[in-house]
There are 2 protein chains.
Amino acid sequence: MAKIDEVAKAAGVSISTVSYALSGKRPVSADTRRRIEEAVERLGYSPNAGARMLAGRRTRIFALTEPLRKDTHAPTHMAFVLATAVAARRNDYDVLLLTDEDAQAGMRRVASNRLVDAILVLDVAPEDPRVALAREIDTPTVFIGVPNDNDGLVCVDLDFEAATREAVGRMARAGHARIGLVGQPEVSYSRSNFPPRVREEFFAAASMFAVTADFRATGHEHATDAGVRAATGELLDAGATALLLHCPEESHRAVLAELADRRLRVPDDISVISVAPTFDTSALPRPLDALPLVPQASCDLAVDLALTFFDGDRPAPGIRLIPPAYLDHGSLARVPDAPSAAVAASAVA
Amino acid sequence: MAKIDEVAKAAGVSISTVSYALSGKRPVSADTRRRIEEAVERLGYSPNAGARMLAGRRTRIFALTEPLRKDTHAPTHMAFVLATAVAARRNDYDVLLLTDEDAQAGMRRVASNRLVDAILVLDVAPEDPRVALAREIDTPTVFIGVPNDNDGLVCVDLDFEAATREAVGRMARAGHARIGLVGQPEVSYSRSNFPPRVREEFFAAASMFAVTADFRATGHEHATDAGVRAATGELLDAGATALLLHCPEESHRAVLAELADRRLRVPDDISVISVAPTFDTSALPRPLDALPLVPQASCDLAVDLALTFFDGDRPAPGIRLIPPAYLDHGSLARVPDAPSAAVAASAVA
DNA sequence: TTGAAAGCGGTACCAG
DNA sequence: CTGGTACCGCTTTCAA
């Protein structure tokens, strides 16, 4: 618990020189710097956080608000929290958890407190009360997710529309004329911001590529295995030759189970692409092509944006969409033109 | 962003009076207090966090270290994080997340930083490197979980042994002569601290109550539904008339599914008790009796202990075990002494 | 390239 | 019951 003056004394320099040597905000002769670093090392000096917050301009802490609703998908959520923490630490920042029953109270507190330099908003809802609050407080706020009303806000997110469009486009180009979307449970379409975006773009892209599109939700409140299998079955019965999956890992497994029960092989009998999964689809019983939602990408960008608030100019408000990358695991094939193929085969024979 | 001197001026009192009025550490006349509170309200005053940390003795921040291993059960883990945050907020504390790849680096940093008043350790492993570190730093540390080597540490946890013993005892008293434990996947028995405690006490209690005990793990790395159903089946085939469940929510459902497939009714044909679940077992397809692990109870106690470090005396090192409560949902019945019952019934007929 | 010193915004001791 | 004020430990002018 050595203090800066002890370091200064040990190094035979003034307090300010120690400070500058450590922050690098002023040139320090090589020799002086070496002596200071040596003293710091020997005394195990570590600048007092409170003092830095008070004297300096920044606290080196980000707040992370996460409303933790009962229907939050824990693994996905945790991935985002972890990604945020990692991104923050990479920039020498710590993360303060704001899990207040009333998220707004927490945001207000740390804002008037000056406890944090910026607030990162997770698990954004279409109509999110934190939007109004963000406009009200003067602490920089970055949304990881896109609320309906996002005027003047700084938001980052995966480009769900582009991801969906690319998946549909690939299916269409592979000759699939009827594709199905295995979606989320119904309530997600009003509570979260991205499920509706995927669904809307699914239909838009389908019409753009002139293919027939069917959608099925996977339950009401929660995606049960039964709900997922039923949805899958209905889409198949309707004649889909390709499935777009937009649901949690467990549901992916349920879809694959249903396909297996029906003796449908991927991709020979049915093509499958996962949109915006947060887990590794190559680790599934049957690896699936995917346009993954990479939490680290969103969170890295969010932290970068939060930091630019301090480099003088605040970043231009607006939505930053992260372009999706396509991961090929061989679960998409040309349409199994079974009849004609059989005919052709027998013709050759 | 009003400061304390503005509040003082507005209320017509000195800075120190404002401070004391707010902290309550010195009596203030009712009238003065009222004027101060009014000024605070009107100016929207909120004491600067950094200044308080520097001048005061405490930072009002707890660090929460959570190693987030790949095999962490996300929902359970989140429940603990949330419970900790709630307990902290109730005491006017915030929670800083320490998810460093290297948990020790984070602990060391906030300790020498003086960024936090205490460190709460989650997800404790039997051999946890954070134990040695806790002894080395001078920031109060509370473990939520019990490591093997816990000399001199402050730990809180559910009394898994008592919970297991009570479950086994109830089964034995209900006449069950052969009981089975559906456990966790194998790796959990070396990575976590409580699965082994449950298993060991399971056998100890069984021998104490003179009943036969069987144990089955539910997979190697992860508890798959197949693994759970297989384990359940084997225990049933071995003749168990009562099952103790010590596994996540999904596995409970798998057990129930297996029982349903076998046309076994709970509790008529088979009794079931869940040990240390972190979810609501009454919401299962078939409500189950349980000795729940209540995160809030552990975390409340942990925070209380952390706070006592500041009331002058540090709490006596040692393990605080929270006594389990039995929740009766009618899934335990007297042994289905089928043969003799049938005989008796036919005799009457 | 380096040093001296004025804050940053509270807390809490010492007086009255 | 209330005021004055010396710090808390670091950052950052202002001077040299």
Worksheet item: For residues 16-29 of chain A, which residue pairs qualify under salt bridge (Lys or Arg N to Asp or Glu O under 4.0 Å), counting only residues two or more places apart or in two chains?
Response: none
Discussion item. Under the salt bridge (Lys or Arg N to Asp or Glu O under 4.0 Å) definition, can you give me all pairs with a residue in residues 134-156 of chain B, not counting sequence neighbours?
Written reply: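 Of all non-adjacent pairs touching residues 134-156 of chain B, those that pass salt bridge (Lys or Arg N to Asp or Glu O under 4.0 Å) are B:Arg108-B:Glu136, B:Arg114-B:Asp138, B:Arg135-B:Asp149.
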Practice prompt. With a 4.0 angstrom cut-off to heavy atoms of chain A, pull out the first and last contacting nucleotide of DNA chain C, in 5'-to-3' order.
Written response: C:dT1 to C:dG9
Nearest-angstrom distance from the residue atom [atom1] of [X] to [atom2] of [N]:
| X | N | atom1 | atom2 | value |
| --- | --- | --- | --- | --- |
| A:Asp5 | D:dT11 | CG | P | 13 Å |
| B:Ile15 | D:dG4 | CD1 | C1' | 10 Å |
| B:Ile4 | D:dT2 | CD1 | P | 15 Å |

Discussion item. Going by the rule ring-ring contact (aromatic ring centres under 6.0 Å, His included), which residues pair with A:Tyr93 if we only count those two or more places apart in sequence or in a different chain?
Written reply: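 In terms of ring-ring contact (aromatic ring centres under 6.0 Å, His included), with neighbours along the sequence ignored, A:Tyr93 is linked to A:Phe62.
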Item to complete: Kindly write out the residues that satisfy ring-ring contact (aromatic ring centres under 6.0 Å, His included) with B:Phe160, not counting sequence neighbours, or none if the list is empty.
Response: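 Per chain and number, B:Phe160 pairs via ring-ring contact (aromatic ring centres under 6.0 Å, His included) with B:Phe194.
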Set of residues satisfying side chain to side chain contact (heavy atoms under 4.5 Å, CB included) with respect to [X], sequence neighbours excluded:
| X | value |
| --- | --- |
| B:Ser298 | B:Phe80, B:Ile144, B:Val156, B:Leu293, B:Ile322 |
| B:Ala103 | B:Arg130 |
| B:Lys9 | none |
| A:Asp300 | A:Ala87, A:Arg90, A:Gln296 |

Practice prompt. Please step through side chain to side chain donor-acceptor pair (under 3.5 Å) for the pair B:Ser14 and B:Thr17, ending with a clear verdict.
Written response: CA-CA 5 Å; B:Ser14 73; B:Thr17 299; 3.1 Å; yes
Fill in: Sugar-phosphate only, base, or nothing, as touched by B:Val13 at under 4.0 Å among non-hydrogen atoms
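Result for B:Val13 = sugar-phosphate.
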Worksheet item: With sequence neighbours excluded, what pairs up with B:Arg320 under the salt bridge (charged side-chain N to carboxylate O under 4.0 Å, His left out) test?
Response: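 B:Arg320 satisfies salt bridge (charged side-chain N to carboxylate O under 4.0 Å, His left out) with no other residue.
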Worksheet item: Hey, is the side chain of B:Ser16 pairing donor to acceptor with the base of D:dG4 inside 3.5 Å?
Response: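 Looking at the base of D:dG4, it does pair with a donor or acceptor on the side chain of B:Ser16 (distance under 3.5 Å).
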Worksheet item: Which residues within residues 44-52 of chain A lie with some heavy atom under 4.0 Å of an atom in DNA chain D?
Response: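 Within residues 44-52 of chain A, the residues near DNA chain D are A:Tyr45, A:Pro47, A:Asn48, A:Ala51, A:Arg52.
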Response to the item:
Contacts of B:Gly56 and B:Ser14 projected onto DNA chain D by closest heavy atom; the upstream (5') one is B:Ser14
Item to complete: Verify the contact: side-chain N or O of B:Thr17 to OP1 or OP2 of D:dT2, cut-off strictly under 4.0 Å; return yes or no.
Response: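 So the side chain of B:Thr17 is outside the cut-off, no N or O lying under 4.0 Å from OP1 or OP2 of D:dT2.
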Practice prompt. Using a cut-off of strictly less than 4.0 Å between a heavy atom of the residue and any atom of DNA chain C, enumerate the qualifying residues of residues 20-35 of chain B by number.
Written response: B:Tyr20, B:Lys25, B:Arg26
Worksheet entry | Ion pair check, B:Asp92 and B:Arg60, cut-off under 4.0 Å | yes
